[in-house]
Amino acid sequence: MNPENLKLNTICTHVGEVADRQFKGAVSPIYPATSYNFEGVDEKRYPRYFNTPNQQALTRKLAALEHAEAALIFSSGMAAICTSVLAFLQHGDHVVLQKALYGGTHNFVVNEFKRFGIEYSFTKGLEKKDFEAAIKENTKLIFIETPSNPLLHITDIKMVAALARANNIISVIDNTFASPVNQNPIAYGIDIVAHSATKYLGGHSDILAGAVCAKKEHIEKIASLGINLGGNLSDYTVWLLERSIKTLGLRVKAQNRNARKLAKYFSKNEAVSKVYYPGLKSHPGHELASTQMKGYGGMLSLELQPGIDMDHFLTSLSLIKPSMSLAGVESTISVSVRTSHALLSEEERKTQGISDRLLRLSVGIEDKRDLIADFEQAISKVRAKQI
Ligand SMILES: *Cc1c(COP(=O)(O)O)cnc(C)c1O
């Protein structure tokens, strides 16, 4: 069957699977070999060459999910991002980065680019004029992330892709927060789509992995640097990731629904002073999100009213767990300035608009009524102590 004609949940369940010809089992077997016979075969297999049966099975599924020609899997989201970015850069090149990126990507750029002689600029905003103003003669790559972490800013994917094309620049997007269920940037002209598979693709908070999807020519370039850098994922984990993605469509759609309901609930709750969710009409990126996203995602951020003791609130939650990571089937909450954005200076946080009181909620698949009840009991506990 041609994967292009299949729908989301069918791609998740079936595309790429390796047939078990020996025992006719229902799932792909695991091929853990690091040593393959090379006599009389077309392909010389070795895990670091990205070509084991399990890696190839999973990349077929990922490529189909992102409507890309090809894909690669890495040992982490950062391995996928760093390898993909560096594959297109030389000493003396310049990179334009959207302001407010994932903390790890931000640190990679500000701490490592200098040693390679790579220049960079962060945009001042997310409008076309901001990207235009940042492009220089030697700009070779533009990097965006939408929705962004933690304020869920929305960047116009089509606009950035067109601007990059017109200037002969490679465009890269971190599509982690949306997942392939909610957003497929290649359809809008983006060259390279990167994911932290640790998040929605894995979805159960038990896998560290990364992925990148693009056309064959770009994937080959990334693979040739990747073979030298060696950030590959073990085939045991590759197999587990293939298993996890079977329910990606079901999970993410449930998370979209829950997040939307919770965002509406928080926006009417007097204990909450601010809600950031692209699915709310009040969100500045709502209209744009409606044009480029199929669902608004499972991430939302909020600020509690200034009088509420945040630490007491966090320890009073019982179902929603404080956590650094996100996108699992369980709901988690994090204080951005202590986790994802802890390494940023106060100045950098201020320019990005990340307040000390910002809480980021990764909404899981639990029943929304239980999540709301947990929030309410925690607020009541804090209030009872403060009186
Ligand atoms: C987690 C994350 C990453 C980094 O992924 P790792 O798997 O932790 O290396 C990159 N981008 C975003 C948006 C993330 O949330």
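For ligands, and for the atoms within them, numbers begin at 1 and follow the listed sequence.
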Under 4.0 Å from any heavy atom of [X], which atoms of ligand 1 are there?
X      : result
Ala209 : 7 (O)
Ser76  : 7 (O), 9 (O)
Ile81  : 10 (C)

Salt bridge (Lys or Arg N to Asp or Glu O under 4.0 Å) with Asp191: which of Lys140, Lys215, Lys221, Arg165?
->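 It is Arg165, the one option of Lys140, Lys215, Lys221, Arg165 that forms the salt bridge (Lys or Arg N to Asp or Glu O under 4.0 Å) with Asp191.
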I need the nearest protein heavy-atom contact for [atom]: residue, atom name and distance, please.
atom                    : result
atom 7 (O) of ligand 1  : Thr198 OG1, 2.6 Å
atom 5 (O) of ligand 1  : Ser196 OG, 2.9 Å
atom 6 (P) of ligand 1  : Gly77 N, 3.4 Å
atom 9 (O) of ligand 1  : Met78 N, 2.8 Å
atom 2 (C) of ligand 1  : Lys199 NZ, 2.5 Å
atom 4 (C) of ligand 1  : Tyr102 CE2, 3.4 Å
atom 11 (N) of ligand 1 : Asp174 OD2, 2.6 Å

So, Asn232 versus Ser75: side-chain donor-acceptor pair below 3.5 Å or not?
-> no
Less than 6.0 angstrom separating the ring centers of [X] and [Y], yes or no?
X      : Y      : answer
His153 : Tyr276 : no
Phe88  : His218 : yes
Phe108 : Phe113 : yes
His106 : Phe122 : yes

Does ligand 1 have a heavy atom under 4.0 Å from the side chain of Ala79, from its backbone, from both, or from neither?
->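 Near ligand 1, Ala79 shows nothing, with every heavy atom at 4.0 Å or more.
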Which part of Leu208 is near ligand 1, with near meaning a heavy atom under 4.0 Å away: side chain, backbone, both or neither?
-> side chain
4.5 Å side-chain heavy-atom contact, Glu376 and Tyr265 |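 They are in contact (side-chain heavy atoms under 4.5 Å apart), so the answer is yes.
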Which of parallel (below 30°), tilted (30 to 60°) and perpendicular (above 60°) describes Phe313 and Phe375?
->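 Perpendicular.
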